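Structure first, then comments.
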2 protein chains.
Amino acid sequence: MARVDPHPGRATTLSDVARLAGVSLATASKAINGRDQVAPATRRRVIEAAEQLSFSPNQLARSLIAGRTGTVGLLTSDLEGRFVIPILMGAEDAFGAGQVNVFLCDARGDAIREQHHLKALLNRRVDGIIVVGRQTDPRPSLGKDIPVPVVYAYAPSADPTDSSVTPDNVSGGRIATEHLLSTGRRRIAHISGDPTYAAAQDRAVGVRAALADAGLELVGDVMYSNWTEHWGRAAAAMLLAQHPDVDGIVCGSDQIARGVLDTLRDLGKEVPEDVAVIGYDNWEVLAINSRPELTSIDANLQQLGRTAAMRIFEAIDGTEPDAGVRQLPVRLVIRGSTIPRR
Amino acid sequence: MARVDPHPGRATTLSDVARLAGVSLATASKAINGRDQVAPATRRRVIEAAEQLSFSPNQLARSLIAGRTGTVGLLTSDLEGRFVIPILMGAEDAFGAGQVNVFLCDARGDAIREQHHLKALLNRRVDGIIVVGRQTDPRPSLGKDIPVPVVYAYAPSADPTDSSVTPDNVSGGRIATEHLLSTGRRRIAHISGDPTYAAAQDRAVGVRAALADAGLELVGDVMYSNWTEHWGRAAAAMLLAQHPDVDGIVCGSDQIARGVLDTLRDLGKEVPEDVAVIGYDNWEVLAINSRPELTSIDANLQQLGRTAAMRIFEAIDGTEPDAGVRQLPVRLVIRGSTIPRR
DNA sequence: CTGTTAGCGCCTTCAC
DNA sequence: GTGAAGGCGCTAACAG
């Protein structure tokens, strides 16, 4: 099949196709877009011509006419974080299935840069924007005078009239604790990360609520510091010194849990026989490779990204997106650190 | 300041601005784009009108005229992988500075989906494409009949006439080994990951070359299996049983190194005094939180992403991109697992 | 300096 | 069933 290239250096246009097929521009358009006011034979001729020229319709021109581009902006505050990526994946996946392409913009935690990217996205006439934050603490709203729908993911907007989706950390803390209780633990402590994070506070609320429901109290206070293995190791050592009879530890992150496991091992405690340990985030590289493997709470972040995308889809199709913060359910992943392997 | 909205529901256009400013379309265009054939007073009137209407120029229309969109496609085979993200970040950063926006497309390791995304990107008239792979093994070329420049990052194209950038794994293996040699180690072993990966083979070549240069040989064979902590633990146990006098271990990944550290600890070996351990990838969450902290090789992936972006920039500006695979230098990051902390 | 005119590539009435 | 004309929003020649 001879490829023809009428004007090298420039993409072939619909009029090239029309000319080659010996029809008018309008007819070619109809033939290619499957309009039904075209004779079958004509259509065939046009399609063949298009293939011969390897014609591909210019989306820019289409978008200009249609008034919508089939693109959305993913405006993230941070690409380093472990939490943003799965959300991105979920969103990209959901959009990809709907013929929508995503612009990725990383503001790197800088408000100026965010503003800059926002403007660029609007100039490119995206049909919607998902703002992905790195923490679950509320973030400033982009404001009300944005001409396209906006959904906030992970970090909800501080403005309750915006549409936000975020994981339910309170429920996560509760589920983790209930799981330990269900394995018969009664002396449960909570080692968490940076107390200035809403995530740390929310999870602690859930932990305390579950204990209260069982008529129990936390062993000691919640131990806050930061989300690292180092802290997990140090905190576990302090905890065991003060409360040698603790039999369950809810950790604020998988990293902390890894540190806790290390210290318990050093102290000669068996996990889960002597002490059960549960992490948070279900970061598989950490959770699956520890000894024993780590039970953890998974925030379903990819699903969260998909949900955000769905909201945008609906909003584009005219439905006003639900205002307020929607808390998405989290999921318990059971491994050897809470239930002995058979 | 009264916001005016001439035709609600539709974005304000340049002609709205022109009308409000009482000038022609062309003049408004010139005024806004800083052309210098406009009287200062007129320009001011136009700018004011634009602000009042919060006008933002439609990039689609501009792109249609200019013949280039100021967008590039980032076509990745995988967003899960640890290696793709830093490359994305580097590329996004480099492009962002140049007013270029990126379309993110995740093919999820599926050739069909890749083809699909490629077509979508071309229909959107991206000015260039970066293909980011998940391994350093060569991957199939997208082919020669793509009308925009393509650069392959991390996974080089199998076609040597394409332009590829990838980290220099041979050099990485060499640098790691030379570092151990420089600390006086002479009985060095190499525990690596999946031997079907080019990365594993390349690094082993570098390790062997460095030893040969020092008149030494590897202790035992290279131990291959997979890139996990589990394997690191198992391999170290086997190694120490057969060669108790080993005094340095080059690991194929930080995960493996973490496992090795665990086993050495269990066996009562001091790191780095008895055995020095070096990882690979400089994955900070693993490297910084281990005991001791892990010396590692950093592949400068963010820089790699930037380099790929620069190549695309040059290609867009007319320069033919360098054909062939460019190996980018890697970097040694020294921590406590090879040099005792003071 | 300013305005008029012609497109960029495509789609959509409307006559024929 | 097909083609001619108008326009999406903007810019780049040209005239005036």
Side-chain angles (χ1 to χ4, degrees), chain A residues 5-7 9-47 49-50 53-71 122-127 147, chain B residues 5-7 9-47 49-50 53-71 122-127 147:
Chain A
D5 196 351
H7 35 207
R10 307 178 48 53
T12 81
T13 78
L14 188 57
S15 52
D16 297 330
V17 176
R19 198 175 312 122
L20 182 58
V23 298
S24 81
L25 229 167
T27 307
S29 171
K30 288 170 196 158
I32 290 211
N33 293 316
R35 291 267 166 286
D36 53 350
Q37 309 121 326
V38 181
T42 315
R43 164 154 314 160
R44 222 170 300 123
R45 279 220 318 288
V46 172
I47 304 245
L53 300 170
S54 57
F55 167 76
S56 74
N58 186 328
Q59 270 295 129
L60 294 175
R62 288 188 154 177
S63 304
L64 193 57
I65 295 169
R68 43 141 92 194
T69 55
T71 62
L122 294 177
N123 287 353
R124 293 201 186 279
R125 296 299 187 264
V126 292
D127 297 333
Chain B
D5 196 350
H7 35 208
R10 309 180 45 53
T12 81
T13 77
L14 190 55
S15 50
D16 298 330
V17 175
R19 198 176 313 122
L20 181 59
V23 297
S24 80
L25 231 173
T27 306
S29 171
K30 288 170 198 159
I32 291 213
N33 294 314
R35 292 263 168 289
D36 54 349
Q37 309 122 326
V38 181
T42 314
R43 166 156 318 176
R44 220 169 303 123
R45 278 219 318 289
V46 172
I47 304 243
L53 300 171
S54 57
F55 167 76
S56 77
N58 186 327
Q59 269 295 132
L60 296 175
R62 287 184 158 178
S63 303
L64 193 56
I65 295 167
R68 42 140 93 192
T69 55
T71 61
L122 293 178
N123 287 352
R124 292 200 187 279
R125 296 299 187 263
V126 293
D127 296 333

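Worth saying up front: this structure is predicted, and the values here are computed from it rather than measured. Throughout, a chain's letter reflects where its sequence line sits, starting with A, and its residues are numbered from 1.
Here B/S63 lies out of heavy-atom contact (under 4.0 Å) with every strand. Heavy atoms of B/R35 sit under 4.0 angstrom from primed sugar atoms or phosphate atoms, though from no base atom.
Considering only side-chain atoms of A/K30, the nucleotide from C/dC14, C/dG9, D/dG9 that sits closest is C/dC14. Residue B/A26 has its side chain nearest to D/dA12 when only C/dG9, D/dA12, D/dG3 are considered. The listed nucleotides are D/dC10, C/dC10, C/dC8; the one nearest the side chain of B/L64 is C/dC8. Side chain of B/R62, nearest nucleotide from C/dC10, D/dT11, C/dT2: D/dT11. The side chain of B/L25 lies closest to D/dT11 when the candidates are C/dT2, D/dT11, C/dC10. Listed candidates were D/dG9, D/dT11, D/dG3. Nearest to the side chain of B/T13 is D/dG9. Listed nucleotides: C/dC11, D/dG1, C/dT2. Nearest to the side chain of B/T27: C/dT2. When the nucleotides C/dT2, D/dG1, D/dT11 are ranked by their closest atom to the side chain of B/V38, C/dT2 comes out on top. Side-chain proximity of A/I65 to D/dG7, D/dG9, D/dG1: nearest is D/dG7. With D/dT11, D/dG3, C/dT4 as the choices, the nucleotide that has an atom nearest any side-chain atom of B/S24 turns out to be C/dT4.
Screening A/L64, A/I65, A/T71 for a side chain to side chain contact (heavy atoms under 4.5 Å, CB included) with B/L60, the sole residue that qualifies is A/L64.
Neither OP1 nor OP2 of D/dC10 sits under 4.0 Å from any side-chain N or O of B/S29. Between A/N33 and the phosphate of C/dC11, there is a side-chain N or O to OP1/OP2 separation shorter than 4.0 Å.
Atoms CZ (A/R124) and C1' (D/dG9) sit 15 Å apart, rounded to a whole Å. Rounded to whole Å, the distance from CZ on B/R19 to P on D/dC10 is 12 Å. Rounding to whole angstrom units, CG of residue A/N58 and P of C/dG7 are separated by 18 Å. The CD1-P distance, from B/I32 to D/dA12, rounds to 14 Å in whole Å. A straight line from CG of A/N123 to P of D/dG9 spans 15 Å, rounded to a whole angstrom. A straight line from CD of B/Q37 to C1' of D/dC14 spans 12 Å, rounded to a whole angstrom. Here the C1' atom of nucleotide D/dC10 and the CG atom of A/L60 are 13 Å apart, to the nearest Å. We find that CG of A/D36 is positioned 12 Å from P of D/dT2, with the value rounded to whole Å.
Side chains of B/N33 and B/R62 form a contact here, defined as non-hydrogen atoms less than 4.5 Å apart.
Side-chain contact, B/S56 with A/R125: a donor N or O sits under 3.5 Å from an acceptor N or O.
Of the two residues near DNA chain C, B/R125 and B/T42, the one whose nearest nucleotide lies more 5' is B/T42.
Judged purely by atom type and a 3.5 angstrom limit, A/D16 has no side-chain atom pairing as donor or acceptor with the backbone of A/T12. B/N123 contributes no side-chain N or O that, together with a main-chain N or O of A/N58, makes up a donor-acceptor pair within less than 3.5 Å. Between the side chain of B/S15 and the main chain of B/L25, no donor-acceptor pair closer than 3.5 Å is present.
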